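Everything numeric in this text was worked out from a predicted model, so none of it was measured. For the numbers below, each heavy atom of this structure counts, side chains included, while hydrogens, waters and symmetry mates do not. Here is how names work: the chains are called A, B, and so on, in the same order as the sequence lines, proteins then strands, and each is numbered from 1.
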Number of protein chains: 2
Amino acid sequence: MTGVTRKAPMRIGELAAKAGVSVRALRYYEEQNLLASARSPSGQRQYPHSAVDRVQLIQQLYAAGLPSKTIVEMLPCIETGEVTPVLLDRLSAERDRIDEQIGSLVSTRDRLQRIITTATRAKNVGHRCPGWVGPPPP
Amino acid sequence: MTGVTRKAPMRIGELAAKAGVSVRALRYYEEQNLLASARSPSGQRQYPHSAVDRVQLIQQLYAAGLPSKTIVEMLPCIETGEVTPVLLDRLSAERDRIDEQIGSLVSTRDRLQRIITTATRAKNVGHRCPGWVGPPPP
DNA sequence: CTAGAACCTGACGTTGACGTCAGAGGCAAG
DNA sequence: CTTGCCTCTGACGTCAACGTCAGGTTCTAG
């Protein structure tokens, strides 16, 4: 026996569903060289199972604010585990950038939390919000 | 004596410099009702000193991914300290959203860190991309 | 075989936060 | 007064990550 479990190759709709993105997004990723696909004789895209993970990684990096240009430079080596010193620097730089972003978000969150706490404790609740803060005194 | 130190009112260029944003951005904020200004007789914008802080708050909220529509609903009450129950829910919701965003960023950061660590330890360096010969790892 | 779902390419539309340019005026210095 | 910088309004340009539509092919269920 072959030992190979033959199943129909994953098409774009299935990948989109499994990865939680739109079909359009996947074609866009391919356009940006973020995601490759084999083609059936009739031209339909075919993906390996691992594509689900890859798409989710792409999403994660997008969510971290990386543009596709940066991602496309990082992805190949990330997948193979091979990396150049230059790329390593880049990865570290992005990690640091994300750290800063986290710090900024934390302070924003804290500021929001203080506002909430203060407002709740003071029970400054139930007034009508002023629609607009007027111009400053001369 | 009046006790009032009269100084020339802050104009848009000065505010832009102090807040670290562009003049265009400030006019855009005004367009979006995020930032008010008094006008001189000749129509030039005048800002109070507190505007610097306000602009920085706006920037912080933008950086947290809030769109101006949301900010414009939150800002007046944030400044006055008064808040409606509805707005309080909104603030909490945004705080929670930011928390999720932080969590997502942390996991992305960790994933990047693992990649960096693994690649560094395995010394999988120098195979694919062209580049200079880097310094040795610590 | 046929209907409908899924897929293809190509191209234009959308959104948000500004950038940039044009043409006209205002303001302090010399 | 003139020079030069700052400011004004208005309007079009940009960029990224897709959405959406058109017009055609392919796959699959009955």
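- Contact of the A:I58 side chain with the A:L75 side chain is registered, since non-hydrogen atoms from C-beta on lie closer than 4.5 Å.
- Note: CG (B:L34) to C1' (C:dC18) measures 13 Å, nearest angstrom.
- Sorted pairs that involve residues 72-114 of chain B and meet ring-ring contact (aromatic ring centres under 6.0 Å, His included), not counting sequence neighbours, are lacking altogether.
- Evaluation of the ring-ring contact (aromatic ring centres under 6.0 Å, His included) rule for A:Y28 yields no partner, not counting sequence neighbours.
- A donor-acceptor pair shorter than 3.5 Å can be found between the side chains of B:T108 and A:Q60.
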Between the protein and nucleotides 27-30 of chain D, which nitrogen or oxygen pairs come in under 3.5 angstrom?
from: D:dC27; atom 1: OP1; to: A:S42; atom 2: OG; distance (Å): 2.8

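- Residues satisfying the side-chain contact (heavy atoms from CB on, under 4.5 Å) test with B:V86, not counting sequence neighbours, are B:T84.
- Applying the side-chain hydrogen bond (donor to acceptor under 3.5 Å, both in side chains) definition to pairs two or more places apart or across chains, those involving residues 10-22 of chain A are A:R11-A:Q44, A:E14-A:K18.
- For B:E94, the side-chain contact (heavy atoms from CB on, under 4.5 Å) criterion is met by A:L112, B:L66, B:T70, B:M74, B:R97, not counting sequence neighbours.
- Atom-to-atom, CE of A:M10 to C1' of C:dC7 comes out at 16 Å; the value is rounded to the nearest Å.
- Here the side chain of B:R27 pairs no donor or acceptor atom with the backbone of B:I12 at under 3.5 angstrom.
- A:E100 is linked by a side-chain contact (heavy atoms from CB on, under 4.5 Å) to nothing, counting only residues two or more places apart in sequence or in another chain.
- Distance, A:L15 CG to C:dC7 P: 10 Å, rounded to whole Å.
- Here C:dC27 presents its P atom at 16 Å from CD of B:E14, a figure rounded to the nearest Å.
- A sub-4.0 Å separation between OP1 or OP2 of C:dC7 and a side-chain N or O of A:R45 is absent.
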(request) At under 4.0 Å between heavy atoms, which parts of nucleotides 17-22 of chain D does protein reach? Answer with one letter per nucleotide, 5' to 3': B base, S sugar-phosphate only, - none. (result) BBBB--
(request) Apply side-chain hydrogen bond (donor to acceptor under 3.5 Å, both in side chains) to the pair A:Q113 and B:R95, showing each step before the final yes or no. (result) CA-CA 7 Å; A:Q113 182 61 57; B:R95 180 204 50 193; 2.7 Å; yes
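- Under the side-chain contact (heavy atoms from CB on, under 4.5 Å) criterion, B:I115 pairs with A:I78, A:L91, B:R111, not counting sequence neighbours.
- Between its two ends, the helix from C:dC1-D:dG30 to C:dG30-D:dC1 turns its axis by 10°, counting five pairs per end and rounding to 10 degrees.
- With sequence neighbours excluded, no residue forms a side chain to side chain donor-acceptor pair (under 3.5 Å) with B:Q56.
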What pairs of nitrogen or oxygen atoms, one from the protein and one from nucleotides 3-5 of chain C, lie under 3.5 Å apart?
none

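- Straight-line distance from the CZ atom of B:R27 to the P atom of C:dA17: 18 Å, rounded to whole Å.
- Between the side chains of B:S37 and B:E30, at least one donor N or O lies within less than 3.5 Å of an accepting N or O.
- Put simply, A:R39 has a side-chain N or O that comes within less than 4.0 Å of OP1 or OP2 on C:dT9.
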